[in-house]
Amino acid sequence: MIDFKSLDKKWNDYWDKEGLNKFDVKNIDKKYYSLVMFSYPSASNLHLGHWYNYAPADTFSRFKKMQGHEVFAPMGFDSFGLPAENFAIKTGTHPQDSTDRNIKTMQKQLKGIGAMYEPSSYLETSSPEYYKFTQWLFLKLYEKGLAYQKLAPVNFCISCATVIANEQVIDNKCERCSSDVEKREMTQWFFSITKYAEELLEKLDTLDWPSKTVAMQKNWIGKSTGGEISFVLSDASDMSKTDAKIKVFTTRTDTIFGVSYVVLAPEHPLVEKITTKEHKKEVEEYVKKTLKISDIDRQTTKEKTGVFTGAYCLSPVNGEKLPIYIADYCLMNYGTGAVMAVPAHDERDFEFAKKYDLPIKEVIVGAGGQLDSKNNLTITDHRSPTTDHNIPFIEKGTLINSGTYSGLESNKAIRQILKDLEKKGLGQTKTNYRLRDWSVSRQRYWGAPIPIIHCDKCGIVPVPASDLPVKLPYNVVFTKDGVNPLSKCEEFINTKCPKCKKSAKRESDTLDTFVCSSWYYLRYPDANNKKEPFDKKKIASMLPVDKYIGGAEHACMHLLYSRFITKSLRDMGYLNFDEPFTSLVHQGLILGKDGMKMSKSRGNVVNPDLYVDEHGSDIFRMYLMFGFSFIEGGAWNDDGILALKKFLERVYRLVEKVSASIKETPFATLEFNFDLNYAVHYAIKHVNEDLEKLSFNTAIARIMELVNAIYKHIEQNTSLMLVNEANQTLIKLLAPFAPHIAEELHQMMCGDNWEESIFKHPYPVHDEQSLVKFETELAVQINSKIKSKILIPTTATNEEIEKIAISDEKVIEAIAGAKPKKIIIIKDRLVNIIV
RNA sequence: GCCCGGGUGGCGGAAUGGCAGACGCACAGGACUUAAAAUCCUGGGAAGGAAACUUCGUAUCGGUUCAAGUCCGAUCCCGGGCACCA
């Protein structure tokens, strides 16, 4: 038996030599952009997760290529990032050096997959040729007012010593290092992703994306429509007119008659102004205390606290005097930083009201509440306050105790009340989003420097595009003090102001690596362009990406950021499409043998290299595709890989056998055999359909069936020519899955006539006629229970099928003389006789 | 708490409302072999039965339907996301 391992190099070299992976611009009309998420060289090795993403994706690319598409499948490295820098602090190895080294190893490993990556589009985000344009992107966003600097509370990871984005905070811990995240007030750079909130939300429905990812993004954007309502301060004599109102945001304007107090966030600017003398000390202490407690504690303790400010405001609907509180459960960074509290119909307000003994006014009853002809409310819902006081009742329903609005259904009341308030200038409809602007400043070295200069005279001055890239200096010192090495690098920091030419200082923050990865798919098709990030025309013909395959962990980060960047570049006139990734698929997660997530500490990490070294890449990648449902993943199993080895050896023997016999009897007759022909076309049809859906495991199952069928026909002495033909189809079907082995088998089959790579051949297409059988087997049910099977001519009419079914021996016995009441016939499936 | 997924043999996993368990692993039996391995063939949801066959069976309970793993309602468990968002 041949050593499959030896085939990897042979065919890889051949593909390289022949330029088989090259994208040919001539065929641009048939382009297919097949993208995988590029690798992050933080660890020194390609791990199983990479393989599980890249190998099946390559099978898909090869399938598309054989289908006649001009496939563009690039690969590169997302090579900036914290881990390299942390490694430098720990070991003294410069991030540039460790990154270069890791990339070298990983490139070798990538080669081992045997994937058809386009060689000329290779990129590394940490190379000046690339980050020059990441900086260009920043400047463009700045120019358009989409990048700005502000003092804001940000998430600060103490261990990483840098600010991180909202999206990078998981359970109040850093997404990367899992240590605590602190809220800090810092001047930071932001991208105005919120300006695109509505489009980012809306266009989600046009995408062929996993529904879960769409749901996550929708959730993250968090649109809610409601009203912004003003509560006028009851004693506003000493304040300016604009300050005399508290604006609250609510989605439940229908509950406004149930408001018993108003709450401000402790950070709210009005707090200071409205607090009365008697309450000043208490309020100040409370504000100080809550601001000091990090968000972490504010969330984990959850117990609501607050204090009375001494001030009152007036209900805009009935003029009722309402006390104003400040409380930690009101958040400054959402809505207006103030809420109207309706304890009877909101859980949080209820909890607070109970604790501080505030009135609870019920104004909504369940949907059973109705006005009778005399305008009296009848209540039929069991949850209504008049029966069992099941409050807080947070659902919508019918209004009670709400003046002229009583009796209205909630949704109607919301519209009506807002309309009336608008007339009085005290309210309007308002949409809020949970999405915050993207914080992109990082106080770290190993990233693209933000191309900004701070000048004492001119203020913030962008680096002129002609001066790009702002190069990251190599000679910096990495220390454990948590201070950005760049800020201590004199030769980097000190510069001249481009405007006034006086000495000025460079911005020392670098860009979040997600900025680098938010546009890399635009760079690939024009990766060697020295003048521009990409040529507009080229991109217009190559983008959007047709199939994007990668991990689900990027749902609210990379995938959202990329959509935003695409839209902003479109609005600047650089792109002519709205969405970067029309079709997206996430591969599942491969777990350790123990069914647990792989981790070094658990000691259950599976190293792909060991298996590839032993079996070659085809067996390994086929196991990854056959052993799991692609989008589910699952636990690793060593036996599974042996199964695929067995299968491929079985195919090899088959090809060996058939090509040997063909050599012996080259003029074998071609005698048609329906069954074998059917098996071949059945396999072709399903492998095509399954590959289109990335259902690799079932596609391989169909190929296995074909192999079994061919073996059977050899035994049955079916025409050698036909077997030979079936075999050739088999190898083509197999080619995207096991490219090296398929090339070898193809060469074996062709013998002296071999001319070119199997990937220059079209993928088999099935012939519908070959799948039409003369006879079909139908199951016959009596009262929905299967009693018999019958063979009917495929062309039989329903009447004929009925006749055959009823005259079947077992059916006669089962019916036992009873008269059929109804006969249901499902084409090609079954007959159900109801008696 | 809320929003998504998911729960099918000993195992990985298949099933446009229409014959549950494709394909494979493991297992068992047979062939080949001095023997073993490899290979090739056959069999395997469970229970009962000599067999034909019968009954049960896709987390649980109920419903719709001639027909439910699939649709609907409730419950339990597992995974993921969000989490004081007014």
Side-chain angles (χ1 to χ4, degrees), chain A residues 1 170-172 210-220 222-224 226-227 248-252 255 263 265 295 298-299 301-304 327-331 333-342 345-349 351-352 394 432-436 552-553 555-556 588-589 597 623 626-629 631-644 646-647 649-650 653 686 690 695 697-705 707-708 711-712 715 777-789 810 821-835:
Chain A
M1 178 56 62
I170 317 277
D171 284 334
N172 287 299
S211 57
K212 189 176 172 170
T213 309
V214 169
M216 275 168 69
Q217 286 208 1
K218 280 188 179 170
N219 235 310
W220 191 260
K223 179 179 181 171
S224 72
V248 304
F249 174 74
T250 180
T251 54
R252 293 298 303 275
T255 63
V263 194
D295 272 21
R298 254 167 96 168
Q299 278 171 24
T301 57
K302 282 242 167 136
E303 164 108 21
K304 291 166 186 47
D328 54 2
Y329 79 93
C330 183
L331 308 172
N333 55 7
Y334 182 76
T336 58
V339 295
M340 58 178 222
V342 186
H345 304 291
D346 181 279
E347 274 170 11
R348 296 148 299 182
D349 300 339
E351 197 187 313
F352 191 83
I394 55 169
N432 264 325
Y433 299 90
R434 217 178 298 199
L435 184 70
R436 306 284 145 76
E553 68 275 16
C556 291
L589 200 65
K597 213 168 166 167
Y623 167 59
F626 183 68
F628 311 87
S629 157
I631 56 168
E632 300 286 334
W636 178 264
N637 176 3
D638 276 335
D639 291 338
I641 201 160
L642 295 177
L644 270 296
K646 225 163 96 177
F647 169 70
E649 283 173 351
R650 186 168 149 86
R653 277 192 302 268
H686 286 95
D690 290 352
S695 180
N697 55 349
T698 53
I700 293 173
R702 299 293 88 81
I703 295 178
M704 286 172 166
E705 281 168 355
V707 172
N708 293 343
Y711 264 103
K712 194 164 268 171
E715 227 168 82
E777 193 191 57
L778 293 188
V780 184
Q781 299 180 327
I782 311 295
N783 290 336
S784 307
K785 289 210 166 171
I786 290 171
K787 291 290 174 189
S788 182
K789 306 228 162 145
K810 282 182 187 164
K821 253 196 285 183
K822 193 173 165 191
I823 298 178
I824 295 154
I825 297 170
I826 307 297
K827 195 177 178 298
D828 296 338
R829 299 276 178 180
L830 54 74
V831 180
N832 192 1
I833 303 169
I834 314 299
V835 295

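No experiment lies behind these values; they were computed from the predicted model shown. All values below come from the heavy atoms of this structure, side chains included, with hydrogens, waters and symmetry mates left out. Just so it is clear: chains get the letters A, B, ... in the order the sequence lines come, proteins before strands, and each one is counted from 1.
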* **Whole angstrom value for the distance that separates P of A26(B) from CG of L644(A)** => 12 Å
* **Whole-angstrom distance between C23(B) and G29(B), as gauged at atom P** => 23 Å
* To do: Would you mind classifying the nucleic acid contact of K223(A) as base, sugar-phosphate or nothing, using non-hydrogen atoms under 4.0 angstrom?
  => nothing
* **Whole-Å gap separating P (A67(B)) and CD1 (I825(A))** => 18 Å
* Asked: Does K822(A) get its side chain close enough to the base of C66(B), under 3.5 Å, for a donor-acceptor pair?
  -> no
* Give the rounded distance in Å between these two atoms: CD of E553(A) and P of C82(B). => 13 Å
* Spacing of the C1' atoms in G62(B) and A14(B) (rounded, Å) -> 28 Å
* Rounded distance in Å - CG (L589(A)) to P (G81(B)) -> 11 Å
* So what's the dot-bracket for RNA chain B: Watson-Crick or G-U pairs under 3.5 Å, [ ] if a pair crosses, | if it pairs off-strand? -> (((((((..(((.....[....))).(((((.......))))).((((....))))..(((((..]....))))))))))))....
* What distance, rounded to whole Å, do you find between the two C1' atoms, one in U58(B) and one in G13(B)? -> 13 Å
* **Pairwise C1' distance, G17(B) and C32(B) [rounded to whole Å]** => 48 Å
* Asked: Between U70(B) and U65(B), how far is it from one C1' atom to the other, in whole Å?
  -> 13 Å
* Could you work out the separation of A59(B) and G69(B) based on their C1' atoms and round it to a whole Å? => 12 Å
* Mind checking whether M340(A) and T255(A) have side chains closer than 4.5 Å, heavy atoms only? -> yes
* Set of side chain to side chain contact (heavy atoms under 4.5 Å, CB included) partners for E705(A), sequence neighbours left out -> Y682(A), R702(A)
* Taking only the side-chain nitrogens and oxygens of Y334(A), find out if one of them lies under 4.0 Å from OP1 or OP2 of A86(B). => yes
* **Out of C25(B), U54(B), A86(B), whichever nucleotide has its closest atom nearest the side chain of D639(A)** => C25(B)
* To do: For W220(A) and G80(B), give me the distance from atom CH2 to atom C1', rounded to whole Å.
  => 14 Å
* Asked: What does nucleotides 38-43 of chain B look like as a protein-contact string, B for base, S for sugar-phosphate only, - for none, at under 4.0 angstrom between heavy atoms?
  -> -SSS--
* To do: Please state the C1' separation for the pair U75(B) and A22(B) - nearest whole angstrom.
  => 32 Å
* Asked: Mind checking what makes side chain to side chain contact (heavy atoms under 4.5 Å, CB included) contact with D638(A), not counting sequence neighbours?
  -> K593(A), Y611(A), W636(A)
* What one-letter contact string describes nucleotides 10-22 of chain B from 5' to 3', where B marks a base within less than 4.0 Å of any protein heavy atom, S marks contact via sugar-phosphate atoms alone, and - marks no contact? -> --BSS-B-BB--B
* Write down the distance separating the C1' atoms in G57(B) and U34(B), rounded off to the nearest Å. => 48 Å
* NA contact type, S224(A), heavy-atom cut-off 4.0 Å: base, sugar-phosphate, or nothing? -> sugar-phosphate
* Whichever of A215(A) and C556(A) has its nearest RNA chain B nucleotide further upstream toward 5' -> A215(A)
* From CA spacing to verdict: side chain to side chain contact (heavy atoms under 4.5 Å, CB included), F249(A), S224(A) -> CA-CA 10 Å; F249(A) 174 74; S224(A) 72; 3.7 Å; yes
* Judged by atom type as modelled, is there a donor-acceptor pair below 3.5 Å linking the side chain of Y711(A) to the main-chain atoms of R650(A)? -> yes
* Atom pair distance, as rounded to whole Å: CZ in R434(A) and P in C3(B) -> 12 Å
* Does some side-chain heavy atom of I825(A) sit less than 4.5 Å from a side-chain heavy atom of K827(A)? -> no
* Compute the centroid of each ring, for Y623(A) and then for F628(A), and state whether the two points are separated by less than 6.0 Å. => yes
* K597(A) NZ - G79(B) P separation (whole Å) -> 12 Å
Check nucleotides 28-31 of chain B against the protein and report each pair of N or O atoms closer than 3.5 Å, with its distance, or say if there are none.
none

* To do: Take the protein atom NZ of K787(A) and the nucleotide atom P of A52(B), then report the distance between them rounded to whole Å.
  => 15 Å
* Validation row: V780(A), I833(A) side chains within 4.5 angstrom (heavy atoms) -> yes
